[in-house]
Structure formats: structure tokens, C-alpha cells
There are 2 protein chains.
Amino acid sequence: MLEQIAPLELKAKMYRGFADPTRLSILESLRDGERMVGAIVEATGQSQSNVSNHLSCLKECGLVTSRRDGKKIFYSIASHQVQSLLNDGDLVLREIRDCIRSCAKYDY
Amino acid sequence: MLEQIAPLELKAKMYRGFADPTRLSILESLRDGERMVGAIVEATGQSQSNVSNHLSCLKECGLVTSRRDGKKIFYSIASHQVQSLLNDGDLVLREIRDCIRSCAKYDY
DNA sequence: TCATCATATCATTAAAGGATGATATGTTAG
DNA sequence: CTAACATATCATCCTTTAATGATATGATGA
């Protein structure tokens, strides 16, 4: 099954990691450096279980990495390339800010 | 309402344009240059109404632009910056291809 | 004006997706 | 060993999302 998945769908799947507000807020909280789960929970204002759930997926997708230090687990952005994508996202948003604000779809 | 939407949600909203397979295939079909709707329909293999619906949203969000030539409407990627984001997406995907393939979420 | 071409819009439906809250699991100090 | 800390997992539910197919709208040539 998965062997036959087209690159396009893989790519869309990748962008999904950025397209959900909770996930994006997690990634944003990690831009300045690694954080433990508890800190991500505080930074994002989401429930611990929700954050854990999303982190699990982001990690499995390869967008973040983790390391354990005793009871604590630290997460960080997986690569410079992911950071670069986030930076580009900022630039695009700057361009289309007014348009996207007025679009009625995806009213978060 | 919309005035109060946080930048994070705006950004997630922007990434949404890339995270849906149909939308992404539309954007991908435009990377080499502008196309009329009919051609996008062929390139993506989606129904005309579905393509139109997504194009409408992509346009309103500012990710694509359009011009009319008689009966035909041509769409193109809105800016170099959007192209750049697509390029970065390719690079990230290259890095995480094996991981994301194995992730069970978003089985397109 | 009307038929044809090209595209946009709309109502409906089925499926996907995300959050919650309880609970399970892993680590560690006393 | 046990309690406390930190995090992961799970079942459920509600909301959102995308596709379909019919139809509306716009442009044009005869």
C-alpha cells in the first residue's frame, strides 16, 4: 500500500504538519531551540495529551526529533531545512496576509 | 472577527493551500507556468467543479492569480515567494521521505 | 438571439480530522 | 517498593473538510 503512495500525496502529508494550528504552534515554539514537552504545553496553551499526540505524529513524520533526559523528553526541529521552510512560510504570509485574512475557508 | 485572527492561524491557513492533495496538485501543475482551467483539470485528474472550487479558494487566499482571455481563464502561481516555498517543500520531503511514508496519519 | 464553449457556484453527503479526558507507561528519588 | 513526576496512548465524540453532480454564469461566434 504505502509503497505505492505518490510523491504528491507524501508532500501534501508533509505540509499537513504545518497546516494545523496546534501543530504549527508546536513547531513555532521549537524554532528558537529544543523544549521539553511541559514547556511546549505551556507555550501552546494546549492540553498535555493533545500536545503529546501531535508531537508523536510530528516525530514519526520526521519533522521533529526527541531525546530523553531522565523523566523529561526534549523535542526540537529536525533540520535546517525544516526551519527554512518555516522561514519561507513567513515570507509568503507577509505577501498574502490581507488576502488570506479575507478568505472565508478554514475559519480557525 | 477576522481582525482578531492570530497570525499563527493565518499561517496555518496559508499552509492549508499546500496540504490538501488536490490543491497541491493544482499548484504543482502551475509551477512551470500559467495554465487555463481545462488544462489544470486534465493535469490533476480532478473534476472540473472540484478544480474550480479549489482555484477559487487559492485565488482568494492570494496563492494564485488569474487573468481572463475571452472564454478562457488562466491561472498562475502568485509570486516567486510561493514558488520558493514549493521548492523548500521538495527539499524537506527529500529529507523525511522514509519517515513520512511510514506515518499512519493522513492516509491519502 | 441562441447555441456552444469554458468556468463558477451550490446543496448535499460521506469521510476525515482534531480535541478531550481518562488512563497507561516510563523514570527516579526516597 | 512506592509515590511523584513527566509523558504517551486510547476511545469517543463533535466539527470540519473535500468531492460530487447538477446547475448557473460569462464570453463569443454565427
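First the proteins, then the strands, lettered A, B, ... as listed; each starts at 1. What's counted below: heavy atoms across the whole structure, side chains too, no hydrogens, waters or symmetry copies.
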- Could you check B:S52 against B:Q48 for side-chain hydrogen bond (donor to acceptor under 3.5 Å, both in side chains), going step by step and ending with a plain yes or no? CA-CA 6 Å; B:S52 262; B:Q48 176 267 315; 3.3 Å; yes

- Any link between B:L8 and B:L10 through a network of hydrophobic side chains (Ile, Leu, Val, Met, Phe, Trp, Tyr) touching at under 4.5 Å? yes

- Where do A:C57 and B:C103 come nearest, in terms of heavy atoms and distance? SG-SG, 3.8 Å

- Just how far, in rounded Å, is P of D:dT16 from OH of A:Y106? 13 Å

- Message: For D:dT20 and B:S47 - does any side-chain N or O of the residue sit under 4.0 Å from the phosphate oxygens OP1/OP2?
- Response: yes

- How is B:S56 classified with respect to the nucleic acid when contacts are heavy atoms under 4.0 Å: base, sugar-phosphate, or nothing? sugar-phosphate

- Task: Identify whether the distance between the nearest side-chain nitrogen and carboxylate oxygen of B:K11 and A:E28 falls below 4.0 Å.
- Result: yes

- Query: Please give, in whole Å, the distance from D:dA11 C1' to A:N53 CG?
  - Reply: 12 Å

- Query: With no hydrogens and no angle check, is any side-chain donor or acceptor of A:S84 less than 3.5 Å from a backbone partner on A:H80?
  - Reply: no

- Message: Short of 4.0 Å, heavy atom to strand atom, which residues of residues 28-38 of chain A count as contacting DNA chain D?
- Response: A:M36, A:V37, A:G38

- Item | Separation of B:I77 CD1 from B:L27 CG (nearest 0.5 Å) | 5.0 Å

- Task: Could you state the atom-to-atom distance from NE2 of A:H54 to P of D:dT7 in whole Å?
- Result: 17 Å

- Closest heavy-atom pair and its distance - B:L86, A:Y15: CA-OH, 3.7 Å

- In whole angstroms, the gap separating C1' of D:dA18 from CD of A:E9 amounts to 14 Å

- Is B:R35 reaching over with its side chain to a backbone N or O of B:S29, donor-acceptor style, under 3.5 angstrom? yes

- Query: Are B:E60 and A:K105 close enough for a salt bridge, meaning some N to O gap below 4.0 Å?
  - Reply: no

- Item | SB check A:D69 A:K72 (cutoff 4.0 Å) | no

- Message: Nearest whole Å is fine: how far is D:dG26 C1' from B:Q48 CD?
- Response: 13 Å

- Query: Does any N or O in the side chain of B:Q83 come within less than 3.5 Å of the main-chain N or O of B:R31, such that one atom is a donor and the other an acceptor?
  - Reply: yes

- Query: Counting only non-hydrogen atoms, which of residues 67-77 of chain B are less than 4.0 Å from DNA chain D?
  - Reply: B:R68, B:G70, B:K71

- Note on the structure: The first and last nucleotides of DNA chain C lying within contact of chain B, meaning any atom under 4.0 Å from one of its heavy atoms, run from C:dT4 to C:dG18

